[in-house]
Every structure is written in structure tokens, then in C-alpha cells.
Amino acid sequence: MLKEYLTIRDVTGPLILVEDVEGVTYGELVEIILSSGEKRRGKVLEVNRNMALVQLFEGSTGVDVYKSRVRFLGKGIELGVSGEMLGRVFDGLGRPIDDGPEILPEQRLNIDGNPINPYARQFPSEFIQTGISAIDGLNTLVRGQKLPIFSGSGLPHNRLAAQIARQARVLGKEEQFGVVFGAMGITFEEAQYFHDEFRKTGALERAVLFLNLADDPAIERISTPRVTLTTAEFLAFEKGMHILVILTDMTNYAEALREVSAARKEIPGRRGYPGYLYTDLATLYERAGRIKGRTGSITLIPILTMPEDDKTHPIPDLTGYITEGQIILSRSLHKKSILPPIDVLPSLSRLRQKGVGSDKTREDHDDIFNQLYAAYARGKQAQELAVILGETALSPIDKQFYNFAQDFEEKYVGQGEYTNRTIDETLDLGWELLSVFPNSELKRIRKDFLEKYMTRFRKPEELNREGED
């Protein structure tokens, strides 16, 4: 029989302070019974001697200090998980919202998860095809990697997230692949977009959706990524699936953390965020990866909107320290109607080289990446020079790079929302774009690759001219 307490001392926002408690532990699940008989849930945020600070999931409106009873349940927040969760839509705490039946759990897992022993981690090395050239060709995603997307307010990061979720595949093997999607603090319209997009494209059959709306309580927003990752861990490490986790928007998550921290009257850190923001983000991001001896894997793409497009803001800044690279969306490309507006120059995948090559993508992948990146960088420099001096001041070769940069953005980066390119199509497109240059300008591609691949994309007279040179 669980003991009930009538010793609520104070109620502040979503927090209640209960005194004269015994045996209460941090993170313990709490049930508050109002005088009307209504039950609300919360969890213990802090324990100090005989006092416990509890945060409510559903808010504190209607909690009577003198008549409400508090019951500590002796366990943390748990999620009932099952393989039947695939194809279903849940709220931020894992309750079905798709008019389907309740899940019959195979296991009940604490949403805080268990840390992966660093020694047991297996290094990410297998290519994941997203069907998006700017990612597959230049910022390659590797199985078990943490690769965030840095966006800005008004940019189409949600459309990019839906595209990745639809198109992502593990190549080379017939293995089960799934997507676990967690959305935090989104509007009803955005939630409807994700639900409809997954359903009409058939992606919902291999996906699990957790949708936390903007008007849901902050504590639910804090729990949503943990519920998402707990589901991913079960499907990956118990069911042997390769799971891609997409979390959007981590900025809304951090704002909820700040709200709770302010309610607790904690000393704020940078820009009012709690001093433990780095640690908190790390406890989420580090749940992704591969484990030796286990078939499955978790690959993580967290999406965050940078306030005022500021990369030095605490959220993107700290995320960059924990993850293995970043994909940055560009407002200037978005204004040019380039979709997806991925800015490839500041973007980076630190594990790219581990996922490319003859046995993973294609033998020429690394050389094509280096040459495309160098040519685009030079083209952007030529464009900046043209703004100052005018196009007439450019040399003939600079004009070629100038035009290449435009073609690269329109054809390679701006592939559209529903174009799904294979890695071979992406690499061939790179060769096609580079075919406008003489071999003397393609210094980053090995000669044997030039002879093997370029013949497909140059006219005979161009090849003869190259031979004469």
C-alpha cells in the first residue's frame, strides 16, 4: 500500500513542494489526487532531506494545498514498448492519438534509458542513403552517427525532416529499417503535416511518431525526446532494426528546460538557459550509436532552429560539441527557391570518410566530393568578386566557376522535395556538372577516375581536345 501525503507546502507554476516525505528518490513518478478525484502525474525533480520538489505533467491549476493528496509510486517514468508501435502515432508521453487500440507492451522501460558503455560501442562505418544529394554526396550520413540540422525560423527544416524520413535507406543488405520521429512544441498545423505526409507516402508503415504540441505542458516536452529514444532503443537493440531518429525542434526542448529551471529559481547560465544544458543534451544525443554484438543501430538527426540565425547561440554551440558534424540550412538559398536550402560549405559530416568508398558507395565518391567542394567554393568567390568589380572583370575560367556555382545550387542542391536520388545518380550528377571544366582544373580527381568516368559526360570533340592538351 502506497503512502499518501497531505503535506503540500507550496505551489508555483508547474511545481509543487511536498514536505515530511520518506524514502523518495530523484526522478520518481508521482500521482496527485485532487479534491475532485481527478488524478494528475508528475515526477520528482529534487529531494532535500524530508522535502520533495515535484513537477506536474498537466499543470497545477486546481491543486488545493490543503485537500490534494500526493502519492509517490516508487518508480521512474516508464514506457510500454512493443513491435506493434510501428505505424502508430502517439502524443509526447507515448499515449496513442491515432484512434488505434492501446499498445500491449512487451516490455516496460524507464524513459531515461541506460548509458552505453564506451567500450561496447562499435564505430559507425556504414552508409545511409537519404536520397538527398547535398547530404549523400557531400555530408554523408553514417549508421550510428549523430548529425544535427541547424536551421532558422521560417526555413523548411520540417519538410527536409519529412523527406529524410520518407527516403532514408540502408544499402547493400536486406535489413529492417525504421524511423522514430519525435516532434516537440510544434503547432497543430505542423503535426497534421507530418501525420498526413507520412501516411500518404506510405512511410508511416515503418515509422513511429511522437507529437508534442505547442500548448502541451513543458514537462511533457522534456519527456518527448526520451520517450522517442526509448522506443528507438527497443526496436534497435531488442528487435534488431536499424533506426533513424529525427528530433525536431531541439530549441523548443531547450526552451522548456529554461522554463522549468526558472520556476525552480536556479541560477541561470548563458542567455538564461540552465548551467546543465550541455549535460542534458549529451544524455540524449549519446543514446545513439551501435553496440558490439547487436544487430541494430540508432542514427540520430536532431533539428534545431538557431535564434536570429546565430550559430554561437548556446543550443547549436553545445550541440556542435557533442555531435559529429552539422548540416546548415541557408536563408539566402531559400530566398532563391532552392529546396532543400542546404549550405554545403559550412556543413560538415565528421564521419563522411568512414561511410564512402568502393565497398560502401562507389570508388570515386571521395574524389568527387573534394572536387565539387573546391569548385563550388571557388565559384562563390567569383560571385563575390563579380558583385564588387562586375562580371566583365572576371577571367574566362572564373566565369566558368561563376556559372558552375549557379548550376550546382540549382541542379545538385535544389533537387526538390520529392526527388529521391540513388547514390549513383548523385555521383553521376557531380561528374556531369564538373564536365564543363578542362582536366587541368580537376586537380582533386585521380587520373584513372577521370579516364573511367568522364568519358560518359563529355562530347567526343571535347575528349579529343583534352587528348591534344
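These numbers come from a predicted model, not from an experiment.
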Sidechain-backbone polar pair: [X] side chain, [Y] backbone, donor-acceptor under 3.5 Å:
{"X": "Lys360", "Y": "Ser125", "result": "yes"}
{"X": "Ser261", "Y": "Leu257", "result": "no"}
{"X": "Thr7", "Y": "Glu19", "result": "yes"}
{"X": "Thr305", "Y": "Gly152", "result": "no"}
{"X": "Glu220", "Y": "Asn212", "result": "no"}
{"X": "Thr187", "Y": "Glu190", "result": "yes"}
{"X": "Asp136", "Y": "Gly131", "result": "yes"}
{"X": "Ser60", "Y": "Val63", "result": "no"}
{"X": "Glu31", "Y": "Lys39", "result": "no"}
{"X": "Asn139", "Y": "Gln326", "result": "no"}

Those residues at least two apart in sequence (or on a different chain) that pass salt bridge (Lys or Arg N to Asp or Glu O under 4.0 Å) with Arg69 are Glu4

Subject >> Beyond-backbone contact of Phe123 with Leu351, side-chain heavy atoms, under 4.5 angstrom >> reply: yes

So side chain to side chain donor-acceptor pair (under 3.5 Å) across residues 337-348, not counting sequence neighbours, yields none

[X]/[Y] ion pair, N-O < 4.0 Å:
{"X": "Asp310", "Y": "Arg271", "value": "yes"}
{"X": "Arg95", "Y": "Asp91", "value": "yes"}
{"X": "Lys354", "Y": "Glu324", "value": "no"}
{"X": "Glu286", "Y": "Arg121", "value": "yes"}

Residues passing the side-chain contact (heavy atoms from CB on, under 4.5 Å) test with Thr140, sequence neighbours excluded, are Phe127, Arg352, Val356, His365

By side-chain contact (heavy atoms from CB on, under 4.5 Å), Thr201 pairs with (sequence neighbours left out) Arg166, Glu197, Ala203

Partner set under ring-ring contact (aromatic ring centres under 6.0 Å, His included) for [X], not counting sequence neighbours:
{"X": "Tyr376", "result": "Phe408"}
{"X": "Tyr285", "result": "none"}
{"X": "Tyr273", "result": "His313"}

Distance-only side-chain donor-acceptor flag, [X] / [Y], under 3.5 Å:
{"X": "Gln371", "Y": "Asp367", "result": "no"}
{"X": "Arg287", "Y": "Thr230", "result": "yes"}
{"X": "Arg421", "Y": "Ser133", "result": "yes"}
{"X": "Asp249", "Y": "Thr251", "result": "yes"}

- Might you work through the side-chain contact (heavy atoms from CB on, under 4.5 Å) test for Ile164 and Ile149, ending with a clear yes or no? CA-CA 11 Å; Ile164 293 172; Ile149 295 175; 4.0 Å; yes

If you look at every heavy atom in [X] and [Y], which pair is closest and at what distance?
{"X": "Ile322", "Y": "Ala282", "value": "CD1-N, 3.7 Å"}
{"X": "Val344", "Y": "Ala134", "value": "CG1-CB, 4.1 Å"}
{"X": "Pro225", "Y": "Met184", "value": "CD-SD, 3.5 Å"}
{"X": "Ser82", "Y": "Pro105", "value": "CB-CA, 4.3 Å"}
{"X": "Ile132", "Y": "Pro340", "value": "CG2-CG, 4.0 Å"}
{"X": "Glu84", "Y": "Leu104", "value": "OE1-N, 4.3 Å"}

Arg221/Glu259 under salt bridge (Lys or Arg N to Asp or Glu O under 4.0 Å): CA gap, chis, key distance, verdict
CA-CA 11 Å; Arg221 198 157 304 137; Glu259 181 183 333; 5.4 Å; no

Enter the distance from [X]:[atom1] to [Y]:[atom2] here, rounded to the nearest 0.5 Å.
{"X": "Ile338", "Y": "Ile342", "atom1": "CD1", "atom2": "CD1", "result": "11.5 Å"}
{"X": "Ile291", "Y": "Glu233", "atom1": "CD1", "atom2": "CD", "result": "8.0 Å"}
{"X": "Leu281", "Y": "Thr283", "atom1": "CG", "atom2": "OG1", "result": "7.5 Å"}

Requested in this report: Under the side-chain contact (heavy atoms from CB on, under 4.5 Å) rule, what do Arg444 and Phe369 come out as? Steps first, then yes or no, please.
Outcome: CA-CA 9 Å; Arg444 297 174 183 268; Phe369 159 77; over 6 Å; no

ring-ring contact (aromatic ring centres under 6.0 Å, His included) pairs touching residues 57-106, sequence neighbours excluded, are Tyr5-Phe72, Phe90-Phe210

So salt bridge (charged side-chain N to carboxylate O under 4.0 Å, His left out) across residues 326-342, not counting sequence neighbours, yields Asp309-Arg331, Lys336-Glu409

So salt bridge (charged side-chain N to carboxylate O under 4.0 Å, His left out) across residues 42-57, not counting sequence neighbours, yields Glu46-Arg264

Test log, rule side-chain contact (heavy atoms from CB on, under 4.5 Å), inputs Arg41 and Leu93: CA-CA 11 Å; Arg41 294 182 300 168; Leu93 286 175; 3.7 Å; yes

The side chain to side chain donor-acceptor pair (under 3.5 Å) partners of Arg169 (sequence neighbours excluded) come to none

Run the side-chain donor-acceptor check on residues 10-17: report pairs under 3.5 Å with partners two or more places apart or on a different chain.
from  : atom 1 : to    : atom 2 : distance (Å)
Asp10 : OD2    : Thr12 : OG1    : 3.3

**OP:** State whether the number of non-hydrogen atoms from other residues, nucleotides or ligands found under 6.0 Å of Tyr276 atom OH is greater than 12.
**Re:** yes

